[in-house]
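Letters A, B, ... are given to chains in the order of the sequence lines, protein chains preceding strands, and every chain is numbered from 1.
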Protein chains: 2
Amino acid sequence: MKSGVTMRDIADKLGISVVTVSKALSDKEGVGEELKRKIKELASEMGYRMNVMAKAMKEGYTYNIGIIVAERFTGVSPSFYQQFHQHIVKSLEEYRYSAILHILSAQDEEQFVMPWIYQEKKVDGFIILGHIHKSYIEMLHQADTPVVFLDFYTDQERMDTVITDNFYAMYEMTNYLINCGHRKIAFVGNLYSTSSIQDRFLGYYKSLLEHNLKLDERYIINDRDERGRFIDIQLPDEMPTAFVCNCDQVAYELMIVLKANGYKIPDDCSVVGFDNDIFSTLCEPKLTTVEVNMPEMARVAAKFMIKKVTNKSSSFGRVLIKGKIIRRESVKKL
Amino acid sequence: MKSGVTMRDIADKLGISVVTVSKALSDKEGVGEELKRKIKELASEMGYRMNVMAKAMKEGYTYNIGIIVAERFTGVSPSFYQQFHQHIVKSLEEYRYSAILHILSAQDEEQFVMPWIYQEKKVDGFIILGHIHKSYIEMLHQADTPVVFLDFYTDQERMDTVITDNFYAMYEMTNYLINCGHRKIAFVGNLYSTSSIQDRFLGYYKSLLEHNLKLDERYIINDRDERGRFIDIQLPDEMPTAFVCNCDQVAYELMIVLKANGYKIPDDCSVVGFDNDIFSTLCEPKLTTVEVNMPEMARVAAKFMIKKVTNKSSSFGRVLIKGKIIRRESVKKL
DNA sequence: CTGAAAGCGCTTACAG
DNA sequence: CTGAAAGCGCTTACAG
């Protein structure tokens with residue numbers, strides 16, 4: 001299994017030209033069936049491997065996509081986005097594209113430093129995973145390179161983004177609770193923290209509106225400070241029968257507080273989460289939650305990316321992917 | 001910020017040759033200071049970006065390294081290896097190398113299918129993350145491409161690998177327990193499951209030997225079946241004063257069993273783990289454990305990789321990186 | 001100090 | 001059906 005084999009070598013051995021070898025190997029027309037067969041056979045016999053870079057240079061593509069994720073999401077606790085990255089790799093593979101991960105440092109983000117893989121023309125475009133600064137996005141749009149966002153959006157124009165339908169999922173989840181007979185339902189999450197939490201809250205609110213239930217301010221419970229750090233959860237004076245938490249980890253923390261105060265779950269109160277991450281199965285009882293459809297989101301983002309690479313002017317806007325309610329044991333039918 | 005700018009454009013505008021531009025931009029000698037300055041200035045003004053692929057093709061490098069991880073490690077629960085991948089990206093960056101993640105499917109692994117990024121010559125070598133089949137490794141070695149292993153080793157020859165010093169870390173941890181006055185110390189883990197568990201067990205055993213403590217078979221407690229699935233942990237009839245667990249998750253499970261049987265931690269028995277992962281802080285009390293030095297391991301693996309790319313004949317063998325004991329609240333001084 | 005020539009390994013028109 | 005020519009954007013000897 002030598003490496004140095006080129007089309008030249010194959011051509012020479014067969015006494016033909018590289019043009020013919022090139023055509024045969026990529027199944028282009030203009031080569032006799034018999035000759036084509038011979039070429040392919042010899043190629044595999046000699047352990048020929050196509051040098052895609054050479055092809056790429058001729059065509060002007062790199063067949064690489066940069067995946068950008070902000071450093072702050074890559075801390076000690078393995079995040080959500082690492083899972084996403086893997087799904088993107090899988091999806092890009094189907095187009096024979098590779099993914100190159102680029103971790104955007106806080107410094108580069110603030111000082112508007114373009115990723116070096118852009119500077120070196122190593123990628124045909126970027127998929128941005130999660131939140132990054134608005135002005136950095138602005139700069140990205142200025143540069144002539146296709147960009148698709150995943151799991152994040154802003155009100156900026158020309159933004160192609162694939163996101164979970166947070167709003168609809170929480171709307172459905174709250175409907176489910178109401179169908180189970182709950183009427184006093186609290187929401188746990190800081191409404192001013194992230195866009196996701198806001199959308200989830202709004203879905204919860206829509207469900208209340210639709211069922212003529214009043215939004216009670218005392219039932220909006222804070223879970224984190226402005227900087228996103230979790231704070232101790234304060235239970236309301238008058239207890240609701242169900243808690244809608246903006247994520248599984250908060251639901252997990254809430255359950256600890258509830259138990260510490262002598263409440264039984266789901267007998268005294270029901271709890272639901274969002275994300276279907278490790279915390280949802282670490283709880284006792286296991287948590288009813290919403291699963292984000294990562295494979296589908298990655299697939300769509302990859303598809304958009306490839307289309308934008310091929311046709312720079314194509315645009316898709318804001319695409320919502322539905323989540324799925326996972327029913328476990330943390331909800332009681334009243 | 002246009003993209004199409006090449007050295008040709010810069011040269012034409014200055015009425016000089018591309019050769020001179022090339023030399024100036026890569027700081028090679030043979031260009032006057034004044035001209036060099038001018039060239040660099042114009043380059044940045046025109047928004048020139050080096051086409052590394054062209055350079056790469058000339059030199060015969062791709063400046064990409066493939067990171068291979070078996071599909072079974074990429075399941076639902078975000079694994080250890082995703083963290084590793086990020087550290088490798090960071091380390092390779094310092095050599096201006098990019099990482100391309102390749103998830104090796106079970107099928108490809110069994111049928112000895114080389115990664116398509118190898119077939120397409122997109123990478124200069126591979127870093128293998130975690131366990132893969134011996135015969136696949138054999139094939140990898142047959143192919144003329146540099147390979148470095150990370151967090152995994154076998155007895156195969158010519159294997160360059162960077163691993164945690166499981167043996168030494170568990171030896172130190174057991175010493176620590178003994179220094180705290182413990183004499184009856186159990187080990188929790190299936191000795192026939194993974195190489196890591198074996199090494200950790202052996203470190204524990206060495207510490208016992210050194211302190212003239214007998215290895216008691218009843219104190220080797222199984223935690224998983226042959227297929228690696230966790231089983232219910234059986235406490236021994238006569239209780240030890242401390243448990244050395246092969247990983248944090250098992251320590252976490254053990255704590256649940258201990259508490260269910262009315263034992264207080266660390267008052268009735270101490271527990272230690274390994275990995276310093278999420279389970280170590282989810283426990284109550286928080287777990288004393290061993291932290292793997294991922295950044296350092298990634299750094300060394302990257303360094304080896306680059307050296308092997310530059311000089312195919314270089315080899316490093318089996319390199320051990322020390323772990324670090326993280327002391328928390330799960331151990332009591334007797 | 002500066003540049004014309006050749007080449008990295010392919011592909012795309014264009015002839016024959 | 002087959003191939004000579006030109007070119008993708010660089011760099012590496014080698015001349016001047």
Is the cationic atom of B:Arg96 (NZ for Lys, CZ for Arg) positioned less than 6.0 Å from the six-membered ring centroid of B:Tyr63 and within 45 degrees of its normal?
no
Can you tell me if A:Gln82 and B:Gln83 form a side-chain donor-acceptor pair at under 3.5 Å?
yes
Side chains of B:Tyr97 and B:Asp124: is there a donor and an acceptor less than 3.5 Å apart?
yes
Would you call A:Asp9 and A:Lys13 a salt bridge, taking side-chain N to carboxylate O under 4.0 Å as the test?
no
Dot-bracket assigned to DNA chain D with the 3.5 Å Watson-Crick/G-U criterion, [ ] for crossing and | for other-strand pairs, is |||.||||||||.|||
Fit a plane to each ring of B:His141 and B:Phe149, take the angle between them on a 0 to 90° scale, and name the class: parallel (under 30°), tilted (30 to 60°) or perpendicular (over 60°).
perpendicular
Describe the nucleic acid contact of A:Lys23 in one word from base, sugar-phosphate, nothing, applying a heavy-atom distance below 4.0 Å.
base
Which is true for A:Gly30 with a 4.0 Å heavy-atom rule: it touches a base, it touches only sugar-phosphate, or it touches nothing?
base
Range on DNA chain C touched by chain B - first to last nucleotide, heavy-atom distance under 4.0 Å
C:dC1 to C:dG9
Looking at every strand, decide which applies to B:Met53 at a 4.0 Å heavy-atom threshold: base, sugar-phosphate, or nothing.
nothing
For a quick test of reading the model, state the closest non-hydrogen atom pair linking A:Lys40 to A:Asp27 and the distance between them.
NZ-OD1, 2.9 Å
Most 5' of A:Asn51 and B:Glu29 on DNA chain C, judged by nearest nucleotide
B:Glu29
5' precedence on DNA chain C between B:Met57 and B:Gly32 (nearest-nucleotide basis)
B:Gly32
Can you list every side-chain hydrogen bond (donor to acceptor under 3.5 Å, both in side chains) pair that touches residues 125-134 of chain B, not counting sequence neighbours?
B:Lys134-B:Asp155
Verify whether one side chain among A:Gln107 and A:Ser105 offers a donor that lies under 3.5 Å from an acceptor in the other.
no
Indicate, with a heavy-atom threshold strictly under 4.0 Å, whether B:Met7 touches base, sugar-phosphate, or nothing.
sugar-phosphate
